[in-house]
Amino acid sequence: MTNVIQVTNVSPSTTSEQMRTLFGFLGNIEELKLFPPDESSLPVTSRVCFVKFLEPESVGVSQHLTNTVFVDRALIVVPFAEGCTRPTSI
């Protein structure tokens with residue numbers, strides 16, 4: 001089982017700290033990456049976030065946040081197998 005989730009449809013105005021706060025309620029976060037990064041000057045319409053939890057159980061719990069409106073977008077949360085180029089199928 002993977003410890004990583006991919007969160008898509010993230011609002012361009014969302015910060016990595018906001019994402020860390022949201023997913024931190026669901027489990028201990030080992031690593032969080034938001035693309036493009038907060039300091040990027042690239043114009044974007046949506047962002048992608050990868051969250052690596054310490055416990056794989058947090059992945060299942062975090063999937064319940066799919067369709068939750070955060071800032072101004074409905075988030076899409078899927079498990080992500082490390083080393084793969086696409087999310088794993090459920």
For the OG atom of Ser40 and the CZ atom of Phe35, what is their distance to the nearest 0.5 Å?
11.0 Å

Quick one: salt bridge (charged side-chain N to carboxylate O under 4.0 Å, His left out) partners of Glu57, sequence neighbours excluded?
none

With sequence neighbours excluded, residues passing ring pair (Phe, Tyr, Trp, His ring centres under 6.0 Å) with Phe50
Phe80

Rounded at 0.5 Å granularity, tell me how far CG in Leu65 sits from CD1 in Ile5.
7.5 Å

Tell me whether the count of non-hydrogen atoms from other residues, nucleotides or ligands lying under 6.0 Å of CG in Asn67 goes above 12.
no

Which atoms form the tightest heavy-atom contact between Ser46 and Pro12, and what is the distance?
N-CG, 4.1 Å

Check whether Val71 and Met19 end up in the same hydrophobic cluster, where Ile, Leu, Val, Met, Phe, Trp and Tyr are linked by side-chain heavy atoms less than 4.5 Å apart.
yes

Checking side-chain polar atoms at under 3.5 Å, does Asp72 have a donor or acceptor matched by the opposite partner on Ser11?
yes

Side chains of Leu32 and Lys52, heavy atoms from C-beta outward: is any pair under 4.5 Å?
no

Can you tell me how far the CG atom of Leu34 sits from the CD atom of Gln18, to the nearest 0.5 Å?
9.5 Å

How long is the straight-line distance from CG of Leu42 back to CZ of Arg47, given to the nearest 0.5 Å?
10.0 Å

Tell me, with the steps shown, if Val51 and Ile29 meet side-chain contact (heavy atoms from CB on, under 4.5 Å).
CA-CA 7 Å; Val51 181; Ile29 296 173; 4.0 Å; yes

Taking all heavy atoms of Gly27 and all of Ser58, pick out the closest pair and write down the distance.
CA-OG, 3.5 Å

Nearest 0.5 Å, what's the CG-OG1 distance between Leu75 and Thr8?
8.0 Å

Could you tell me if the side chain of Asp38 sits less than 4.5 Å from the side chain of Thr15, heavy atoms only?
yes

Is there a side-chain contact (heavy atoms from CB on, under 4.5 Å) between Asn9 and Ile76 once you walk through the steps?
CA-CA 6 Å; Asn9 201 36; Ile76 301 166; 4.2 Å; yes

Verdict with reasoning, Phe53 to Val4, per side-chain contact (heavy atoms from CB on, under 4.5 Å):
CA-CA 6 Å; Phe53 291 102; Val4 181; over 6 Å; no

Do Cys49 and Lys33 have side chains that approach each other closer than 4.5 Å (heavy atoms only, starting at C-beta)?
no

Which value, rounded to the nearest 0.5 Å, describes the distance between Arg73 atom CZ and Ser13 atom OG?
8.0 Å

Looking at Ala81 and Thr2, what are the two nearest heavy atoms and their distance?
CA-OG1, 4.0 Å

Under the criterion side-chain contact (heavy atoms from CB on, under 4.5 Å), I'd like the reasoning laid out for Val10 against Phe70: C-alpha separation, chi angles, the key distance, then a yes or no.
CA-CA 8 Å; Val10 178; Phe70 189 66; 5.8 Å; no

Keeping to residues at least two apart or across chains, list the side chain to side chain donor-acceptor pair (under 3.5 Å) pairs with something in residues 20-29.
Asn28-Glu55

